[in-house]
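Note sheet for the following structure.
All of these numbers come straight from a predicted model, not from anything done at the bench. A, B, ... follow the sequence lines: proteins, then strands. Residue 1 opens every chain.
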Amino acid sequence: MTNRTSEKSPFADWRSRTTVERLLGAIASEIKKIGSPVKIMEVCGTHTMTLHRFGLKPLLEEAGVEMISGPGCPVCITPDYYHEAIIDLITSQKNILVCTFGDMTRVPTRKGALQTVVPVEGSRIKIVYSPEEALDLARKNPEKQVIFFGAGFETTIPAIVYTVKKAHQEGLKNYSLFSALWLIPPALEAIINSKEIAIAGFIYPGHVSTIIGERAYSFVAEKYGLPGAIAGFEPADILLGILSVAKQIRKKQPEVANEYKRVVRPEGNPQALALMEEMLEKFDAVWRGLGVIPESGLKLKPVYANFDAIHRFGLKLLPERITKSTCRCGDVLKGLIKPEECPLFGRVCNPENPKGPCMVSYEGACLIEYKYSSGVKER
Amino acid sequence: MCLAVPGKVVSLEGDGTGKVDYLGSTILANFSLLQDIKVGDWVIVHAGFAISKLDQKEARRTLKLFRELEKLSPSE
Ligand code: SF4
């Protein structure tokens, strides 16, 4: 549906060739004044998609801006031992119904992928579009234990915990959450602190920002002196964001610009934030490829422990299971290498036979690169 | 999962849900995370939940900026 650009389309203005050309011209002239090319990280996988789908990456490179993909794909950064824990459960316990988003089911692990493992009789895996579908299945199937296996950033977290709150209110005894909930700002700080790559600024994820607002990124400008802009997902949106970052670099005036004001309020979404605050607490979480990041994960508060699948089913999360794999998703997620620099990219690892989550998720940098770059399939 | 484009609210049910139209295809969305949603509003829907309402005034402001850009010569 996102492809339509009919006359009636309300997005046509944001895809207008003239506007895009003017914005690219303005960016190029800023970079010229800066004097050397810059690297800007787009944190969100949906931004990566826009950049590729509309062919903006090479045009930006001509203008002197190299876009680096960041860790903005929740499926990609969820460590594989989460999948292995849930695979262990459904291959050993009856009457479990695991609901999850589609791309989660294809992530390969040493125990297989959710979509290929064979659950024991009475248990199964179901793809849902919304966590509410999972809640509804729990209501309708009292004889089953329904688990929502949810990976998400701030954008998705309110929707997920909403279902737990409902289940709590309704006294449902057969609904629980296996949470893989991650926070973007701590990950940004980890990337900045790792100093592995010289990023001159950030394009902040538009829809994470609808929830957390502008202030959540203040530390990037204030503590680290790095520019950034919140941007939307149309070509002109993302270019407006990049132009703002380029201007901030030139003027040496880092700030948190909001170039997506039609959707992102400065304060974010207070209702969603209140719900998160009420139900969840932070913990030091492990991100695939990035390791432990302080206070970067969210889990249900102890009062809701009955709705926590880890607690209810005694799931074992075994970080020590991580072994060295040839998949370089970790380096891709940190922006250290481009997908095509992974030796497996293309012939060995592709959408039909993914070797890592970055080739699985629609927001994964490797899949996006594979789909939109010409020539790679011949590799 | 993430519909990057906004859809238009076409109906509201009593239970906090409603229908959102995406250029002809309709989906059911939960409006519990937003206040004062009306039929005709544009919203961003994510994983079945409306998470933000489009601010038409801000949208028009950006469009005005585009119009000004278009008046500039390509080299600027
Ligand atoms: S191309 Fe495949 S193996 Fe290489 S980093 Fe990406 S997902 Fe991993």
Given that the side chain runs from C-beta out, which part of [X] has a heavy atom under 4.5 Å from chain A: side chain, backbone, both or neither?
X       : answer
B:Leu34 : both
B:Gln56 : neither
B:Arg60 : neither
B:Ser32 : both

- Which one of B:Asn30, B:Leu65, B:Val43 has the most heavy-atom pairs closer than 4.5 Å to chain A?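 Ranked by heavy-atom pairs under 4.5 Å with chain A, first place is B:Asn30.
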- Message: Please rank B:Lys8, B:Lys57, B:Glu58 by heavy-atom pairs under 4.5 Å with chain A and give me the top one.
- Response: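 Max contact count across the listed options: B:Glu58.
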- Item | Check: A:Phe233 ring centroid to A:Trp14 ring centroid under 6.0 Å |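 Between A:Trp14 and A:Phe233, which both carry aromatic rings, the centre distance is not below 6.0 Å.
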- Query: Residues in disulfide bond (SG atoms under 2.5 Å apart) with A:Cys73, at least two apart?
  - Reply: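 Result, disulfide bond (SG atoms under 2.5 Å apart) vs A:Cys73: A:Cys76.
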Salt bridge check, [Y] against [X]: does any charged N sit closer than 4.0 Å to a carboxylate O?
X        : Y        : answer
A:Glu133 : A:Lys126 : no
B:Glu68  : B:Lys71  : no
A:Glu30  : A:Lys247 : no

Pick one of side chain, backbone, both or neither for [X], based on which atoms fall under 4.5 Å of a heavy atom in chain B.
X        : result
A:Ser16  : side chain
A:Ile160 : neither
A:Leu275 : side chain

- Sequence neighbours excluded - salt bridge (charged side-chain N to carboxylate O under 4.0 Å, His left out) pairs with any residue from residues 33-52 of chain B: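 Non-adjacent pairs meeting salt bridge (charged side-chain N to carboxylate O under 4.0 Å, His left out): B:Asp41-B:Lys53.
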- Taking all non-hydrogen atoms of both residues into account, name the closest pair between A:Phe101 and B:Ala47 and its distance.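 Reported closest heavy-atom pair: CZ-CB, 4.0 Å.
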